[in-house]
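Could you have a look at this structure, given as structure tokens, before my questions?
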Amino acid sequence: MSKDFSTREENYSKWYNDIVTKADLAENSAVRGCMVIKPYGYSIWEKMQAVLDKMFKDTGHENAYFPLFIPKSFFSKEASHVEGFAKECAVVTHYRLKTAPDGKIVVDEDAKLEEELIVRPTSETIIWDTYRSWIQSYRDLPLLINQWANVVRWEMRTRLFLRTAEFLWQEGHTAHATRQEAVEEAEKMLNVYADFAENFLALPVLKGVKSENERFAGAIETYCIEALMQDGKALQAGTSHFLGQNFAKAFDVKFTGKDGKQEYVWATSWGVSTRLMGALIMAHSDDNGLVLPPKLAPNQVVIVPIYKSDEELAKLNDKASEIKKSLEALGIRVKYDNRDTHKPGWKFAEYEFKGVPLRIAIGPRDLENGTVELARRDTKEKATYQQTDLAHKIEHLLGQIQSNLYQKALSFREQNTTNVDTWEEFVNQIEGKGGFVYAHWDGTKETEETIKEKTKATIRCIPLDNKKEEGKCILTGKPSTQRVVFARAY
RNA sequence: CGGGGUGUAGCGCAGCCUGGUAGCGUACUUGCAUGGGGUGCAAGGGGUCGUGGGUUCAAAUCCCGCCACCCCGACCA
């Protein structure tokens, strides 16, 4: 089967690419570093959006939309922010083209912009500039806004979904009257992300904070969720930042409190992107293709008829429609594929590759016996089921598949999480099987940088529920109060 | 931006060294058979050989320039 398709063992990154392109999720576009998200891939993204959007609204947020372009001068207002993004910005300098004498289309040099526009790599600056006029009083707070948007970061090397020059995401930007409230907001949204990752993506995540090195440009504290991929590398799946008063000061956003005193507003921002698609793909898929958790699968069940004659097909059409209706009545997403242009075996392989969680095959034999054949994508088990009460059996199975995927990913993470105490152990682990490596660290930027230089491993996070423990830094031997999580990362 | 590699049918590739009718697999179209795991047989359509120049009677093939993409580094969600 799938002989032209790479396995994880042979070439992990080719395997990933093959799944993305051959399962029709996305492909490279004519524009360097930018992808085309194909209908099947986009429908999974839409599922994610729908769930997250509801979670945001349930926690009191509203959607709004801010411009794609940001005046260059805005970036100079928050020093560390510009430093973080300056090297990867697309800049608009002109607003008109013209036809040159040789017939070619060229930029009209007369149409140079007075001030260049930056294509947003993130929207803090334009949003905080706007918030200045929205916020006067404590009565205007908290301001809880989310935006679904595209952003551009001019990456040197790109990979479908994991790192593209343009990507889709949501960015929440909130304003609060007190420090504590903003910190609580940042933590709340981190929990929303973790909840989403675990209950929908079926992906266990570590919740933690970033070290200073890895912190978002302009943040006081960056909270994150970190997931482990099947090749032992970590993937940052979402971040939530406590921004303090940095942006309020940079954009002069003040409010008058109950006491009549003016104070700068406290801020958060938080985001997840189409990178989650990459996480989803790498977390569960196998050498037979994509594996989707039922909660996010565009089709949860596919029904394939097996027949020889038109009469047989007609009977199967009736039975399949009946089954489809009973499933849809329970809110299950079903596709009945009775195309005559492809054979059953072809369809089996196709839907397997595309990760459809459950397949029903039904043929003349089943019509006689009152049965169907059910095949699970996650375990590849096949079994014959009586048609009686089939919809509820399937509903139950979908639930099982969802939790099985989570459990599998969780035990993988546990098997690939290690504690190390010496430099030698650390290097062996990072360069061997990888995974999350808990080790003591002296807490300095310099040490983290040296470790990164030597091993390519970075501190993924300092877990929120970390237990305190005396120890010695694996590199410098200086005292440490807790272990932090190291890994090589995407 | 440094190192390596590749551009030939929609996709994957051979041909290039040693210049002389552009090929294979797959996909596509048609017909017949087939139908419980990518079906078989037959016929057919599809190419400015990345691009510009040079050498030659003759260039996919040799020479020079350019462009694009991929991989490995540095940078990053």
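What's counted below: heavy atoms across the whole structure, side chains too, no hydrogens, waters or symmetry copies. Just so we're clear, the structure is a prediction, and the values are computed from it rather than from any experiment.
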Looking at A/Y223, I'd like to know if the NZ or CZ of A/K210 sits under 6.0 Å from its six-membered ring centre while staying within 45 degrees of the ring's axis. no
In whole Å, what separates the C1' atom of B/A59 from that of B/U48? 14 Å
Distance between the P atoms of B/C71 and B/A58, in whole angstroms? 41 Å
If you draw the axis of the six-membered ring of A/F74, does the NZ or CZ of A/K77 fall within 45° of it and under 6.0 Å from the ring centre? yes
Could you state the atom-to-atom distance from CD1 of A/I306 to P of B/G36 in whole Å? 7 Å
Let me spell it out: for each of A/F167 and A/K347, pick the nucleotide of RNA chain B with the closest heavy atom. Which residue's pick is nearer the 5' end? A/K347
Residue whose nearest RNA chain B nucleotide is more 5′ - A/S13 or A/F216: A/S13
For A/N150 and A/W169, does a side-chain donor sit closer than 3.5 Å to a side-chain acceptor? no
In whole angstrom, give me the gap between the P atoms of B/G50 and B/G12. 14 Å
Taking the minimum atom-to-atom distance to the side chain of A/E350, which one of B/A74, B/G36, B/G38 wins? B/G38
Distance between the C1' atoms of B/A68 and B/U30, in whole angstroms? 38 Å
Whole-Å distance between B/C70 P and A/E27 CD? 13 Å
Could you tell me how the ring of A/F200 sits relative to the ring of A/F196: parallel (under 30°), tilted (30 to 60°) or perpendicular (over 60°)? parallel
Contact check, residues 359-371 of chain A vs RNA chain B, heavy-atom distance under 4.0 Å, returns A/R359, A/A361, A/G363, A/P364, A/R365, A/D366
Protein-nucleotide distance (A/D18, atom CG; B/G12, atom P), rounded to Å: 11 Å
Hey, is A/K452 close enough to A/E449 for a salt bridge, meaning N to O under 4.0 Å? no
Only residue of A/K54, A/E185, A/K188 satisfying side chain to side chain contact (heavy atoms under 4.5 Å, CB included) with A/T59 is A/K188
Taking only the C1' atom of each, what is the distance from B/A60 to B/G47 in whole angstrom? 11 Å
With heavy atoms under 4.0 Å as the rule, sort A/T222 into base, sugar-phosphate or nothing. nothing
Positive for side chain to side chain donor-acceptor pair (under 3.5 Å) with A/S211, one of A/E448, A/R460, A/K445: A/E448
In whole angstrom, what separates A/N17's CG from B/C69's P? 16 Å
If you look at every strand shown and take non-hydrogen atoms under 4.0 Å, does A/Q236 touch a base, only sugar-phosphate, or nothing? sugar-phosphate
Once you apply a heavy-atom cut-off of 4.0 Å, does A/Y490 come out as touching a base, just sugar-phosphate, or nothing? nothing
Atom CG of A/N288 and atom P of B/G38 are separated, to the nearest Å, by 14 Å
Whole angstrom is fine here: how far is it from CH2 in A/W154 over to C1' in B/C1? 16 Å
Whether A/R359 engages the ring of A/F348 as a cation-pi pair (distance to the six-membered ring centre under 6.0 angstrom, angle to the ring normal within 45°) should be assessed. yes
Output field: ring centroids A/F247/A/H81 closer than 6.0 Å: yes
Which part of the nucleic acid, if any, lies within reach of A/L235 when heavy atoms closer than 4.0 Å are counted: base, sugar-phosphate only, or nothing? nothing
If only side-chain N and O atoms of A/R157 are considered, is one of them under 4.0 Å from the OP1 or OP2 phosphate oxygen of B/G73? yes
Could you give the distance separating B/C49 and B/G10 at their P atoms, to the nearest angstrom? 13 Å
Can you tell me the base-pairing partner of B/G73? Count Watson-Crick or G-U wobble geometry only, both distances below 3.5 Å, and say none if there is no partner. B/C1
Figure out the NZ/P separation between A/K14 and B/C71, and round it to whole Å. 11 Å
Are any of A/K382's side-chain N or O atoms less than 4.0 Å away from OP1 or OP2 of B/G36? no
If you measure from the P atom in B/U26 to the same atom in B/G65, how many Å do you get, rounded? 40 Å
Using a heavy-atom cut-off of under 4.0 Å over every strand shown, decide if A/K308 touches base, sugar-phosphate, or nothing. base
To the side chain of A/F348, which of B/C1, B/G35, B/G37 is closest? B/G37
Which nucleotide sits closest to the side chain of A/K456: B/A74, B/G37, B/G35? B/A74
Taken to the nearest whole Å, CD/A/E88 to P/B/C1 is 17 Å
Between B/U34 and B/C24, how far apart are the C1' atoms? Round to whole Å, please. 27 Å
CH2/A/W45 to CG/A/L280 distance, rounded to the nearest 0.5 angstrom? 11.5 Å
Applying the 3.5 Å cut-off to both distances, the Watson-Crick or G-U partner of B/G40 turns out to be B/C32
Between B/C75, B/G36, B/G38, which nucleotide has the shortest distance from any of its atoms to the side chain of A/E373? B/G36
Could you please name the partner base of B/G20, counting Watson-Crick and G-U wobble pairs only when both distances are under 3.5 Å? B/C57
